[in-house]
There are 2 protein chains.
Amino acid sequence: MRLENTPKARRIEAKRGYDDACGLAHALELVGERWALLVMRELMLGPRRFSGLKADLPGISANVLAQRLVELEERGLIRRTRLPPPASVQVYEATDWGLDAAPLIRALGKWAVRSTRHDPGQQVSPVSIMMSMQTMFDALAAGDFGPRAGFLFGDVGYVAEPREGEIHVERSGLEGCDFVVATTPEELGAVLYGDAPLETLAISGDTELARRFVTLFTLPPKVEPAG
Amino acid sequence: MRLENTPKARRIEAKRGYDDACGLAHALELVGERWALLVMRELMLGPRRFSGLKADLPGISANVLAQRLVELEERGLIRRTRLPPPASVQVYEATDWGLDAAPLIRALGKWAVRSTRHDPGQQVSPVSIMMSMQTMFDALAAGDFGPRAGFLFGDVGYVAEPREGEIHVERSGLEGCDFVVATTPEELGAVLYGDAPLETLAISGDTELARRFVTLFTLPPKVEPAG
DNA sequence: CCGTATCCAATAAGATACTG
DNA sequence: CAGTATCTTATTGGATACGG
């Protein structure tokens with residue numbers, strides 16, 4: 001016999017769940033809480049520290065972030081590790097299964113930006129904008145154009161490199177890049193997806209490669225108002 | 001200048017959002033509320049009435065369902081329509097854009113069932129189990145085997161028909177099916193994904209076609225405990 | 001710097017009863 | 001059947017203080 005659905009009976013269950021064997025319902029129990037999927041997003045390009053996560057999730061409070069990290073770890077989506085010396089700091093990183101969420105995260109984003117209500121004017125994190133490049137990459141436009149593109153947000157570097165119809169992105173040092181853009185996620189977004197000219201960005205290295213590079217990304221069309 | 005982040009300042013904003021231009025964050029503003037994506041799931045195979053939705057979402061309360069439907073309509077994901085006479089009842093149906101969420105819903109489900117914590121023993125709705133057939137369909141095993149398979153849950157019929165590497169599913173009358181299975185979602189799930197023998201199902205029509213049909217669906221492997 | 005603990009205010013969700 | 005209305009409970013977020 002099932003438990004009665006009273007507040008008291010529910011309290012002894014782990015937490016509010018959906019009594020539903022459907023995979024989707026389980027997905028929502030794994031990452032359906034507020035902030036959870038955004039935390040996962042921030043871990044998709046490599047391990048992060050607590051303070052970095054907090055800084056890149058505007059509005060999350062330390063206690064909520066800490067709680068999400070505990071839950072995601074319990075569920076096997078992330079793990080807590082210590083970076084090798086000399087850094088030796090504690091970081092959070094996605095497990096292999098957690099990393100499998102990356103295509104889902106990109107697909108959700110691609111679907112959602114078709115909304116007419118989407119406001120691209122707000123803050124974005126470096127991870128967001130770098131993942132958006134994977135999402136919005138136009139392989140046809142790129143052909144076999146494949147420069148090694150560096151992006152520097154403050155003191156964190158990312159490298160993007162088109163190859164074989166996809167674009168590989170990783171957090172990394174910027175050695176060997178054909179060009180390096182030092183910018184903010186918002187400025188970069190305005191060039192990639194808005195009207196801002198390339199000249200608003202501080203670019204070192206081969207500017208002409210950069211000029212072509214930023215044309216490789218296109219937003220999907222908005223939903224027609226009729227729906 | 002931005003609004004201060006005080007309770008009072010927040011109250012004049014529409015609701016709790018993520019101040020984040022990332023597409024994922026917007027997706028969560030569209031369908032991130034509790035139950036929202038499950039409501040969308042129920043609409044992926046055609047229009048539904050309020051009471052049907054409430055019945056197939058175990059544990060949702062009428063007020064929360066009503067609120068979600070209003071929100072999803074405002075956001076352009078569903079619309080409220082009236083079925084043509086003689087039915088003339090009001091139903092909810094997904095917009096074209098809303099229907100585009102179907103692959104996302106399936107992908108989320110497929111990813112989540114790899115969790116070792118997933119318990120397939122709970123209730124499922126007819127829509128869940130029929131969508132799971134699309135998710136778990138093994139095109140290789142099917143080859144060009146493509147019977148017209150009927151499923152009857154109470155008085156609601158669905159037809160599934162493999163063709164060209166996919167499996168088409170729709171809510172529909174069961175005329176012209178090669179076989180019809182009258183069952184519950186749970187019983188069907190036990191045969192498709194568990195050990196239950198075909199004989200637990202009430203089948204009319206060509207049982208041998210049904211016997212092969214139920215072998216075409218396989219769950220993805222569980223995540224190894226190490227993560 | 002990296003969190004944990006505590007407390008309060010504001011929302012969201014749930015149970016239940018009720019109406020057209 | 002298709003929801004509202006009302007009340008209770010749970011979760012969230014924000015602030016702040018504190019410990020390793």
Side-chain angles (χ1 to χ4, degrees), chain A residues 2-19 25 28-29 32-39 47-73 78 80-83 86-92 155, chain B residues 2-20 28-29 31-39 42 47-73 78 80-83 87-93 155:
Chain A
R2 281 177 56 121
L3 287 172
E4 279 186 303
N5 218 1
T6 63
K8 192 155 195 176
R10 295 197 68 96
R11 206 172 314 142
I12 66 175
E13 300 177 32
K15 51 173 32 192
R16 253 184 230 173
Y18 307 93
D19 293 340
L28 295 172
E29 288 175 358
E33 280 120 1
R34 193 163 156 74
W35 296 108
L37 215 44
L38 295 176
V39 172
R48 302 289 308 270
R49 304 175 61 167
F50 188 93
S51 55
L53 293 172
K54 183 158 182 335
D56 283 346
L57 295 169
I60 199 171
S61 55
N63 48 8
V64 172
L65 176 56
Q67 193 183 327
R68 289 296 164 273
L69 290 168
V70 167
E71 292 160 357
L72 293 172
E73 186 177 21
I78 70 173
R80 202 176 285 245
T81 58
R82 194 162 287 278
L83 243 42
S88 294
V89 300
Q90 182 181 267
V91 293
Y92 297 89
D155 56 358
Chain B
R2 284 175 58 117
L3 285 173
E4 278 187 304
N5 218 0
T6 63
K8 193 153 194 177
R10 294 197 69 95
R11 203 174 315 142
I12 64 175
E13 301 177 33
K15 52 175 28 193
R16 246 183 233 175
Y18 306 95
D19 294 338
D20 193 326
L28 295 173
E29 287 174 1
V31 294
E33 279 119 3
R34 193 162 156 75
W35 295 111
L37 214 44
L38 295 175
V39 172
E42 289 299 317
R48 303 289 308 271
R49 304 178 60 169
F50 188 94
S51 56
L53 292 171
K54 183 160 186 329
D56 283 345
L57 295 169
I60 199 172
S61 56
N63 48 6
V64 172
L65 176 55
Q67 193 183 327
R68 289 296 163 274
L69 290 169
V70 167
E71 292 161 356
L72 292 172
E73 187 178 20
I78 69 174
R80 201 176 288 244
T81 59
R82 195 161 288 278
L83 243 40
S88 293
V89 301
Q90 181 183 269
V91 293
Y92 297 89
E93 87 184 308
D155 57 358

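Please read all numbers here as calculations on a predicted model, not as lab measurements. So you know, we letter chains A, B, ... as the sequences are listed, proteins then strands, and number each from 1. Below, each value reflects all heavy atoms present in this structure, side chains not excepted, and no hydrogens, waters or symmetry copies.
Distance from the side chain of B:V64 is smallest to C:dG14 among C:dG14, C:dA12, D:dC1. If you check C:dA13, D:dG13, D:dG3 against the side chain of B:R80, the one that comes closest is D:dG3. Side-chain proximity of B:R49 to D:dT4, D:dC1, D:dG13: nearest is D:dC1. Relative to the side chain of B:S51, the nucleotides D:dG14, D:dA2, C:dG14 differ in distance, and D:dA2 lies closest. Nearest nucleotide to the side chain of A:A62, out of D:dG13, C:dA13, C:dT4: C:dT4.
Applying the 4.0 Å criterion to OP1 and OP2 of C:dA12, one finds that B:R68 has every side-chain N and O outside that range. Between A:W35 and D:dT12, a side-chain N or O to OP1/OP2 separation shorter than 4.0 Å is absent. Look at B:Y92 and you'll find a side-chain N or O under 4.0 angstrom from OP1 or OP2 of D:dG3. Phosphate contact (OP1/OP2 of C:dA12, side-chain N/O of B:Q67, threshold under 4.0 Å): absent.
As a whole-Å value, the separation of B:E33 CD from D:dT11 P is 17 Å. In this structure, the CZ atom of A:F50 is 7 Å from the P atom of C:dT4, given to the nearest Å. Between B:K54 atom NZ and C:dA13 atom P there is a gap of 16 Å when expressed in whole angstrom units. Look at CG on B:L65: it is 9 Å from C1' on D:dG3, rounded to the nearest Å. Nucleotide D:dT11 holds its C1' atom 17 Å from the CG atom of A:L28, rounded to whole Å. Spacing between atom CD of A:E71 and atom C1' of D:dT12 amounts to 12 Å, rounded to whole angstrom units. D:dC1 atom P lies 13 Å from atom CZ of B:R48, rounded to whole Å. Here the P atom of nucleotide C:dA15 and the CD1 atom of B:I60 are 11 Å apart, to the nearest Å.
Contact annotation: the side chain of B:D56 approaches that of B:R48 to within less than 4.5 Å [non-hydrogen atoms, C-beta and beyond].
Minimum interatomic distance between B:R49 and B:Q90 (heavy atoms only, all atoms of both residues): CG-O, 4.0 Å. Smallest separation of non-hydrogen atoms from B:A36 and B:L72: O-CD1, 4.1 Å.
Taking the six-membered ring for Trp and thresholds of 30 and 60 degrees, A:Y18 and B:W35 have ring planes more than 60 degrees apart, a perpendicular arrangement.
Judged as a side chain to side chain donor-acceptor pair (under 3.5 Å), and not counting sequence neighbours, the contacts of A:S61 are A:N63.
One donor-acceptor pair, N or O on each side, does fall under 3.5 Å between the base of D:dG14 and the side chain of A:N63.
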